[in-house]
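Indexing begins at 1, ligand by ligand and atom by atom, following the structure's order. Worth saying up front: this structure is predicted, and the values here are computed from it rather than measured. Reckoned from all heavy atoms, side chains included, excluding hydrogens, waters and symmetry mates.
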Amino acid sequence: MSAKYIEIMEEMKHRLANKTLIAGSKLPSVRQLSEHFSCSKNTVIKAYEELEKEHIIYSVPKSGYYVVSELQNTTNENDVIDFLSAGPDKNVMPYVEFQHCINQAIEQYKEELFTYSDQQGLYSLRVQLTKYLQNLQVFTQPERVVIVSGSQQALHLLVSMPFPNGKNNILIEQPTYFGFLESINLQQMNTLGIELTMEGIDLDRLAYIFRNNDIKFFYIIPRFHNPLGHSYTNNEKKKIVELAEKYDVYIVEDDFLGDLDPNAKSDPLFSFDPSGRIIYIKSFSKIFLPGLRIATVVLPSIMMNNFLRYKFSSDFNSSALSQGALEIYFKSGMFNSHLKKIKEVYRTKMQILQESCDLLLPANTHFSKPTSGFYLSINLPENMTAKQLVHMLNEQHVYVDEASRMFLPEYKKENLLRLSISQVNESKIKQGIERLAHCINLMNNRKKHIARNNFLRL
Ligand SMILES: Cc1ncc(COP(=O)(O)O)c(C=O)c1O
């Protein structure tokens, strides 16, 4: 009974922490939970009694169990180690400087920023962006650039619109960015997966899928992958582009963190075929201010009109105020100095995380080795579920994400953890990994104990 009742307690605490249960809420009935967890009613009662002892819930005879107070109230903010949040580090968000740019943009453009504007995006910003993209080895013209309301919008539109190759299916890395999965799920698109591990993808398999499956486009996150933290080599990227050309497949390249790459020699897929096979998307959410809802897409000329029709039907145009202010931010040179600063911040945090994982994680775990970016992923032993570990860590105020929702059902893995370094305080990284290692060791021991007991019962 022991492990199950702890699992139930952890689940209830998790619901309290994420506010699915709040002060005064009635807890699920003993019967409901015993069915849900496939355990006896006594196990549930034991879990509830333990929560009562901790003064988290109370019982009302003949009615049920109720929440006393929300768990988070008892958590000291300083105690929290946040490997979960994936927005940019709040300490390096340049919103004060940006405030000046907003004011200047209004002075300069006046009412133009407050009425409907160019569907493709302000021309003068597109000129700035084309210059900026050159640093990333993306050479193009403002006429091929569209400013979108976040890269999520571009992804959503690309999923829904027809492509010049007339093909129907979408290929994605497995795992992949959850927002993209949501878009294909909601639009009920026919989707295939290809396994991505910390060692990359099987290129022969990719050729096979391209050849046999009517693939419209391959969605790829080539650098600092979400959730894995994996990056492809130039050679691999070149081969993927060659295969795409050979089998008439488009590539949607989501280079959301490419700007952070410390390796100046690393090129985007786009640079291997700038003529139009690769649709390049650059978000400004992770490296700048996500609330602006600004990203840019470089499209082949042949797709431009259709893409703009789809965008128009979605939002007419992206916020002109955000665009005007961003243009001034670029022109003033502030963007480049901001970028220099954050490149160092994230590289350093990632290095500390790597070193801590190397030093502290048990040998039966495997983790990715990104040189920067936001994410590092950890493969737990097969018999351990990331979900259980996440609950256990929450108890210790360490927040991490488990990646099972980032898979198609047929590729699903339950033992993958995603750690984000973006908002965690640099000085707490090592302590967080100590607690993580401790919990993994506890679970390892528990499994061994259960296995030994089972053996004795044989
Ligand atoms: C890989 C990836 N692509 C795209 C996005 C969406 O970003 P945006 O804010 O530009 O819509 C995210 C957000 O987390 C992401 O992780």
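Looking at Y177 next to ligand 1, no N or O pair under 3.5 Å apart turns up. Between Q153 and ligand 1, not a single N/O pair is under 3.5 Å apart.
Residues Y132 and D259 have side chains that bring a donor and an acceptor to within less than 3.5 angstrom of each other. For the 3.5 Å distance criterion, the side chains of N168 and N190 fail to qualify, holding no donor opposite an acceptor. Between the side chains of Q152 and Y177, at least one donor N or O lies within less than 3.5 Å of an accepting N or O.
The CD1 atom of I429 sits 9.5 Å away from the CG atom of L419 when rounded to the nearest 0.5 Å.
Atom numbering of ligand 1 starts at 1 in the shown order; those under 4.0 Å from a heavy atom of D254 are 1 (C), 2 (C), 3 (N), 4 (C). Which parts of ligand 1 touch I221 is read off a 4.0 Å heavy-atom cut-off, strictly below it: atoms 1 (C). Interface atoms of ligand 1 facing G150, defined by a heavy-atom separation under 4.0 Å, are 10 (O), 11 (O). Heavy-atom contacts of S151 reach the following atoms of ligand 1: 4 (C), 5 (C), 6 (C), 7 (O), 8 (P), 10 (O), 11 (O) (cutoff under 4.0 Å). Ligand 1 places these atoms under 4.0 Å from at least one heavy atom of S283: 7 (O), 8 (P), 10 (O).
Taking the centre and axis of the six-membered ring of F307, the NZ or CZ atom of K311 falls outside the cone set by 45° and 6.0 Å. Taking the centre and axis of the six-membered ring of F284, the NZ or CZ atom of K282 falls inside the cone set by 45° and 6.0 Å.
The protein atom (non-hydrogen) at minimum distance from atom 16 (O) of ligand 1 is N226 ND2, 2.8 Å.
Taking each of S285, P227, G291 in turn, the one with a heavy atom nearest to atom 9 (O) of ligand 1 proves to be S285.
Contacts of K286 with ligand 1, taken as heavy-atom pairs under 4.0 Å, involve the side chain alone.
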- Query: What do the steps show when you test Q153 against S318 for side chain to side chain contact (heavy atoms under 4.5 Å, CB included), and what is the final call?
  - Reply: CA-CA 10 Å; Q153 181 187 42; S318 300; 4.2 Å; yes
- Task: Could you walk me through whether Y250 and F218 pass the ring pair (Phe, Tyr, Trp, His ring centres under 6.0 Å) test, one step at a time?
- Result: CA-CA 6 Å; Y250 279 78; F218 177 29; over 10 Å; no
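Within the 4.0 Å heavy-atom shell around ligand 1 one finds R293.
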